[in-house]
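Numbers restart at 1 for each chain; the letters A, B, ... are given by sequence-line order, proteins then strands.
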Amino acid sequence: MLFGVVGSRNENRVRMPIADWFKAREDRKYTPSEQNRGSGDVPDGVWSKCESCKHIIYEGELAQNARVCNYCGHHFPLTAPQRIELLVDEDTFEETHAHISSGDPLEWSSPKSYPVGLESAREKSSLAEAVMTGRASIADHPVVIGAMDFRFVGASMGSVVGEKVARAFELALAEHRPLVLSIASGGARMQEGMLSLMQMAKTSAAAARLADEGVPYISVLTNPTYGGVTASFAVLADVIVAEPASLVGFTGQRIIEQTIRQKLPKGFQTAEFLVEHGMIDEVIPRSDLRAHIGLLLDYLDIPGGERS
Amino acid sequence: MKSRFVMEFERPLVELERKLAELRELNVSENPELAVEISDLGRQVERLHEETYTNLAPWARVQISRHPDRPKTQDYVDACFDDVIELHGDRHFGDDEAMMTSLATLAGRRVAVIGHRKGKNTKENLRRNFGSPQPEGFRKAMRLMRLADKFALPIVTFLDTPGAYPGVEAEERGQAWAIAESLALLSGVRVPVVVVGIGEGGSGGALAIGFGDRLIMLENAYYSVSSPEACASILYKDAAHACDAAVSLKMTAADLLHFGIADEIVAEPLGGAHHDHEAMFSAVGERVNAALNELVGEEPTDLVEKRYERLRAIGVFEEGA
């Protein structure tokens with residue numbers, strides 16, 4: 001287990017064992033003083049600071065609560081492996097297309113070399129690319145699942161993300177398994193230029209084919225989801241849900257402010273704002289996501305799959 | 001046609017030409033040395049002229065693609081097509097003037113035309129958001145795609161946009177949704193789709209109507225994942241690096257041909273399409289017509305399948321065991 005999500009409801013949450021707490025106290029390098037507390041300077045791996053309510057939270061506690069702040073409900077980011085573990089039935093995930101990696105088609109060197117950036121992303125994330133895909137089951141429904149990882153070049157979509165996502169759609173189509181994608185992205189990957197932009201068309205075309213066959217597709221939008229990923233496969237799902245307070249949009253807020261010189265409305269581009277404007281179905285807290293998707297699949301994943 | 005608008009990269013040449021013109025106005029018979037200077041300067045101007053307009057840098061091409069006198073979607077529609085009927089509105093919210101949708105006839109063949117539409121002057125540009133569509137623009141384009149599919153009309157699109165409109169209302173009305181749905185729809189229309197990049201091909205706003213069975217690029221048109229300015233401000237943290245970003249992004253017509261994304265390039269007169277509109281109209285009309293001739297005989301299912309394969313083949317990656 002990467003972290004201890006036991007069941008999907010709060011009452012099932014396992015509190016941190018007291019022995020762990022004392023162990024953690026011994027392990028930590030120093031006690032965060034009042035002075036340090038505000039600076040965000042928190043020792044790695046033991047305590048984390050909630051960026052929303054500023055509480056300092058014990059890592060073990062955060063892990064047991066699916067990385068949701070106990071005090072204010074803020075959703076910390078999840079890695080792709082954590083995301084998959086959160087969503088699928090235990091030990092059912094089997095990764096597909098794991099060994100596809102990016103080239104450097106534009107020979108991008110300035111201001112920073114693309115291959116060097118990719119290498120540091122691989123080291124930082126222990127992932128080959130910004131999306132992880134595979135087969136699994138959710139509430140006993142066999143599915144194809146994919147999760148994007150923002151640590152990897154901002155989960156931007158280049159050739160590899162586009163290819164893996166397209167293959168996930170094609171696998172779902174071939175095996176008539178519903179597709180569930182957990183999405184986060186800064187947009188298209190600049191360093192692959194037009195090849196990145198065209199991935200929007202490629203993934204959308206694959207999504208259209210899946211839709212034509214009547215195989216369900218559910219997308220989970222997480223913080224943040226922007227640009228070319230939002231404007232392609234992310235929003236072509238049959239049902240779109242989002243985690244609380246996630247920012248989702250096409251153009252980033254800074255760019256809108258700069259180019260249009262408009263004041264942004266309160267809550268602009270949050271998941272709640274999108275529900276209000278009719279763009280997504282529902283805001284679902286992380287603790288309820290698996291159960292919610294399971295129930296959706298009970299409606300949409302018709303046994304026998306194929307329709308005449 | 002001699003344009004008065006001077007692009008940044010032309011400035012040194014224009015300066016030198018002005019100097020030469022001034023000297024020529026002086027009385028040469030009184031000053032024989034002047035004649036020598038004039039002929040020297042004349043040669044310099046010639047040399048600089050050639051240097052300026054051959055092997056154009058990507059950033060110079062971007063400037064040409066944005067030249068105010070460059071022929072625009074409406075110009076091509078007026079010049080190349082007959083019996084044009086413009087259709088209006090997205091049936092949801094409004095009629096976005098930044099997106100033009102028409103029924104039209106090209107060399108006797110009835111087609112549906114969709115294109116980004118910039119204005120010819122500030123007043124028009126304010127109404128048309130300088131060619132940046134709102135969600136209703138993309139939804140209007142989708143209306144025409146459905147109509148073309150239903151009535152078996154081949155689709156011709158013209159790309160000329162800095163990008164989808166980056167505004168609050170655009171976000172509220174689902175800019176990303178409109179683009180995504182347009183991509184999904186266009187990928188499956190059962191009629192030929194010929195795309196012509198005539199000016200700016202800015203990001204998702206261009207792509208929404210910007211892929212199909214053939215992509216024809218004008219020599220100085222660009223097509224890019226992001227405008228060079230936006231790329232510079234994101235990666236270089238400074239929009240002044242747009243010139244470098246234009247190189248890095250590999251966004252010229254020649255680059256697109258190299259990556260197998262574009263199929264052909266239409267040459268422009270030296271210095272850009274604005275120097276000879278008529279030549280551009282006839283070249284573009286001819287090439288679109290030739291592409292349609294190749295495509296119209298295809299079975300609709302084959303067309304859609306080939307379009308999918310074409311998209312599926314785009315991407316550069318390595319696959320290990």
Value for OG (B/Ser233) from CD1 (A/Ile255), rounded to nearest 0.5 Å, stands at 4.5 Å

Between A/Ala208 and B/Ala184 the two heavy atoms that sit nearest each other are CB-O, 3.8 Å

Mind checking whether A/Lys263 and B/Val168 have side chains closer than 4.5 Å, heavy atoms only?
no

* With a 4.5 Å limit on heavy-atom distance, are the side chains of A/Pro105 and B/Phe259 in contact? -> yes

Honestly, the part of A/Ala206 sitting under 4.5 Å from a heavy atom of chain B is both

Interface check, chain B: of A/Gly103, A/Ser196, A/Ala201, A/Pro265, most non-hydrogen pairs under 4.5 Å belong to A/Ala201

The interface call for B/Tyr223 against chain A, heavy-atom contacts under 4.5 Å, is both

Looking at side-chain heavy atoms only, is the closest gap between B/Glu318 and A/Ile100 below 4.5 Å? no

Rounded to the nearest 0.5 angstrom, the CD-CD distance for B/Glu172 and A/Gln269 is 10.0 Å

The reported gap from CD in B/Glu171 to OG1 in A/Thr251 (rounded to nearest 0.5 angstrom) is 4.5 Å

Next item on the list: Please say whether more than 12 non-hydrogen atoms of neighbouring residues, nucleotides or ligands are located less than 6.0 Å from CZ in B/Arg190.
Entry: no

Okay, A/Phe233 and chain B: the region with an atom under 4.5 Å from a heavy atom over there is neither

With chain A, the option among B/Val247, B/Ile179, B/Asp244 that has the most non-hydrogen atom pairs under 4.5 Å is B/Ile179

Cut-off 4.5 Å, heavy atoms of chain B, and the answer for A/Glu129 is neither

*asked:* Treating B/Trp177 as the side-chain partner and A/Met279 as the backbone partner, does any N or O pair qualify as donor plus acceptor under 3.5 Å?
replied: yes

(message) Less than 4.5 Å apart, side chain to side chain, heavy atoms only: is that true for A/Phe250 and B/Pro166?
(response) no

Do B/Tyr308 and A/Lys202 make a side-chain contact, defined as non-hydrogen atoms from C-beta onward lying under 4.5 Å apart? no

Under 4.5 Å to a heavy atom of chain B? For A/Glu170 that would be side chain

With sequence neighbours left out, the residues meeting ring-ring contact (aromatic ring centres under 6.0 Å, His included) with B/Tyr165 are none

Applying a strict 4.5 Å limit to non-hydrogen atoms, the region of B/Leu185 in contact with chain A is neither

- For residues B/Val225 and A/Met198, determine if any side-chain heavy atom of one lies less than 4.5 Å from a side-chain heavy atom of the other. no

Worksheet item: Should the pair A/Arg167-B/Glu319 be classified as a salt bridge under the 4.0 Å nitrogen-to-oxygen rule?
Response: yes

request  = Keeping the roles fixed (side chain from A/Ser159, backbone from B/Val316), state whether a donor-acceptor pair exists under 3.5 Å.
outcome  = yes

Here the gap from B/Ile234 atom CD1 to A/Met190 atom CE, rounded to the nearest 0.5 Å, amounts to 3.5 Å

Nearest heavy-atom approach of A/Ser232 to B/Ala180 is O-CB, 3.3 Å

When the 4.5 angstrom heavy-atom criterion is applied to B/Ile261 and chain A, the contacting part is side chain

Under 4.5 Å to a heavy atom of chain A? For B/Ser203 that would be both

Taking every heavy atom of A/Thr230 against every heavy atom of B/Ala176, the minimum-distance pair comes out as CG2-CB, 3.4 Å

So CD of A/Gln199 and CG of B/Leu311: to nearest 0.5 Å the spacing works out to 9.0 Å

Practice problem: Could you check if a side-chain atom of B/Ser248 sits within less than 4.5 angstrom of a side-chain atom of A/Leu106, using non-hydrogen atoms only? | Solution: no

Output for pair (B/Glu229 CD, A/Gln258 CD), nearest 0.5 Å, gives 12.5 Å

Comparing A/Gly227, A/Ser110, A/Ala211, A/Ala207 against chain B, the one with the most heavy-atom pairs below 4.5 Å turns out to be A/Ser110

Nearest heavy-atom approach of B/Ser224 to A/Leu197 is O-CD2, 3.9 Å

Would you find a donor on one side and an acceptor on the other, under 3.5 Å apart, between the side chain of B/Lys250 and the backbone of A/Met194? no

Do B/Leu235 and A/Pro111 come close enough that some side-chain heavy atom pair is under 4.5 Å? yes

From the list A/Glu107, A/Arg254, A/Glu276, A/Glu163, the residue making the most non-hydrogen contacts under 4.5 Å with chain B is A/Glu163

